[in-house]
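So the structure is just underneath, and the comments pick up after that.
Note that the coordinates shown come from a computational prediction; the quantities given were computed from them, not determined experimentally.
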Amino acid sequence: GSGLTTISSYAFYSCKNLTEINLPEALTSIGQYAFSGCINLGTIEFPESLIEISYGAFSGCDGLTSIKLPSNLQTLKYEAFGYCENLQSVWIPKTIIDGSYFNGAHYIGPFDGCGKLKSVTFADGITNIPAGLFAGCTGIESIEIPDTVTEILVSAFADSSIQSVK
């Protein structure tokens, strides 16, 4: 419904026939593993009202190749898009402030295990890149940091394959 503000944990977990979702404009939060394992999900239209995507929310959604996160998103928890094996590009909003988990040894980021993720675009005006945001993204070989960035937090690109930073 159009008044839907929250999609709770495991709501559509492992719905293997789900191919696309168009989320309502009132939505503010997507719970843990809400769409995890929806292997044929290829298209997501995020509403601008969305401010939180919890951990594992879209993990294992192998049909996703590109993601444009909503411009007001603040929290993108660890493995939110983890192990989306075909994810190649992502757009990060300037409002993002949280995005990883430290397990005592290393950071686990929202895109952990996305080995084909190569293209990262940051929104104009972004000022910091959160801790562990792209930790474990082995496909990232180059990154362009916008001039507005004043801080790159701990392990933001740890365990990636970065060869070039501009």
Side-chain angles (χ1 to χ4, degrees), residues 1-96 98-101 103 106-123 129-130 132-143 156-162:
S2 60
L4 182 68
T5 60
T6 302
I7 296 176
S8 294
S9 302
Y10 296 93
F12 296 94
Y13 178 82
S14 201
C15 288
K16 294 180 181 4
N17 294 322
L18 186 62
T19 58
E20 67 179 270
I21 51 176
N22 192 341
L23 301 166
E25 277 304 319
L27 189 69
T28 59
S29 176
I30 297 175
Q32 61 193 29
Y33 301 104
F35 294 93
S36 177
C38 296
I39 58 173
N40 290 305
L41 180 60
T43 305
I44 306 171
E45 294 289 330
F46 291 111
E48 292 303 313
S49 58
L50 188 63
I51 57 171
E52 178 182 10
I53 299 175
S54 193
Y55 59 88
F58 294 92
S59 62
C61 292
D62 294 342
L64 293 175
T65 58
S66 180
I67 297 167
K68 183 183 185 299
L69 295 169
S71 60
N72 295 310
L73 188 70
Q74 296 175 11
T75 302
L76 183 64
K77 292 291 189 183
Y78 66 96
E79 293 183 351
F81 293 93
Y83 302 94
C84 292
E85 294 183 359
N86 295 304
L87 185 61
Q88 298 170 26
S89 66
V90 64
W91 183 87
I92 303 294
K94 68 180 180 181
T95 52
I96 197 84
D98 184 26
S100 65
Y101 168 73
N103 70 2
H106 65 275
Y107 279 86
I108 300 169
F111 304 101
D112 192 51
C114 296
K116 292 183 182 175
L117 179 59
K118 292 190 182 310
S119 174
V120 174
T121 306
F122 294 102
I129 299 174
L133 188 63
F134 294 102
C137 292
T138 57
I140 298 176
E141 295 177 353
S142 67
I143 195 78
F157 298 97
D159 300 317
S160 66
S161 299
I162 290 183

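- Interatomic distance, L23 CG to I7 CD1, rounded to the nearest 0.5 Å: 5.0 Å.
- Taking the six-membered ring where the residue is Trp, F134 and F111 present parallel rings, their angle staying beneath 30° rather than reaching 60°.
- Between P70 and P47, the shortest heavy-atom distance links the atoms CB-O, 3.2 Å.
- Without hydrogens or angle criteria, Q88 side chain to S119 main chain gives no donor-acceptor distance under 3.5 Å.
- We find the CD1-CD1 distance between I51 and I30 to be 11.5 Å, quoted to the nearest 0.5 Å.
- Between I39 and G60 the shortest heavy-atom distance is CG2-O, 3.7 Å.
- In this structure, T138 and D159 have side chains that are not in contact, with every pair of non-hydrogen atoms separated by 4.5 Å or more.
- Here N17 contributes atom CG and L41 contributes atom CG; the two are 12.0 Å apart, rounded to the nearest 0.5 Å.
- Atom CG of L50 is separated from atom CG of L76 by 9.5 Å, given to the nearest 0.5 angstrom.
- Among residues two or more places apart in sequence or in another chain, the side-chain hydrogen bond (donor to acceptor under 3.5 Å, both in side chains) test is passed with Y101 by none.
- Side chain of S36 to backbone of Y13: no donor-acceptor contact under 3.5 angstrom is found.
- Contacts of E52 classified as side-chain hydrogen bond (donor to acceptor under 3.5 Å, both in side chains), with partners at least two apart in sequence or in another chain: none.
- Although no hydrogens or angles enter the test, the distance criterion places a donor-acceptor pair under 3.5 Å between the side chain of T95 and the main chain of L73.
- Residues T65 and S89 fail the side-chain proximity criterion, which asks for heavy atoms closer than 4.5 Å.
- In this view, E141 satisfies the side-chain hydrogen bond (donor to acceptor under 3.5 Å, both in side chains) rule with no residue, not counting sequence neighbours.
- Residue pairs meeting the salt bridge (charged side-chain N to carboxylate O under 4.0 Å, His left out) criterion with at least one member in residues 6-31: none, sequence neighbours excluded.
- Other residues, nucleotides and ligands place more than 12 heavy atoms under 6.0 Å from the NZ atom of K118.
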Test side-chain contact (heavy atoms from CB on, under 4.5 Å) applied to I67 and I44, step by step:
CA-CA 8 Å; I67 297 167; I44 306 171; 5.6 Å; no
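- Distance CG/L117 to SG/C137: 5.0 Å, rounded to 0.5 Å.
- Side-chain N/O atoms of T28 and T5 include no donor and acceptor closer than 3.5 Å.
- G109 approaches S100 most closely through the heavy-atom pair CA-CB, 4.1 Å.
- Every side chain to side chain contact (heavy atoms under 4.5 Å, CB included) that S9 has, sequence neighbours left out, goes to Q32.
- Note: I143 CD1 to I129 CD1 = 6.5 Å, rounded to the nearest 0.5 Å.
- In N103, the CG atom is crowded: over 12 heavy atoms of neighbouring residues, nucleotides or ligands sit closer than 6.0 Å.
- Here K77 pairs with D98 under the side-chain hydrogen bond (donor to acceptor under 3.5 Å, both in side chains) rule; sequence neighbours left out.
- The aromatic rings of F35 and F12 sit parallel to each other, their planes meeting at less than 30°, with 60° as the upper class boundary.
- Taking every heavy atom of both residues into account, P24 and S49 meet most closely at O-OG, 4.2 Å.
- Atom CD of E85 has 12 or fewer neighbouring heavy atoms from other residues, nucleotides or ligands inside a 6.0 Å radius.
- The aromatic rings of F81 and F58 sit parallel to each other, their planes meeting at less than 30°, with 60° as the upper class boundary.
- In this structure, N86 contributes its side chain and D62 its backbone to a donor-acceptor pair below 3.5 Å.
- Between the side chains of S29 and T6, no donor-acceptor pair of N or O atoms lies under 3.5 Å.
- What you find for E79 and D112 is that their closest heavy atoms are OE2-OD2, 3.6 Å.
- Contact detail for G31 and A57: the closest heavy-atom pair is O-CB, 3.6 Å.
- Using cut-offs of 30° and 60° for the angle between ring planes, the Y78 and Y55 rings count as parallel.
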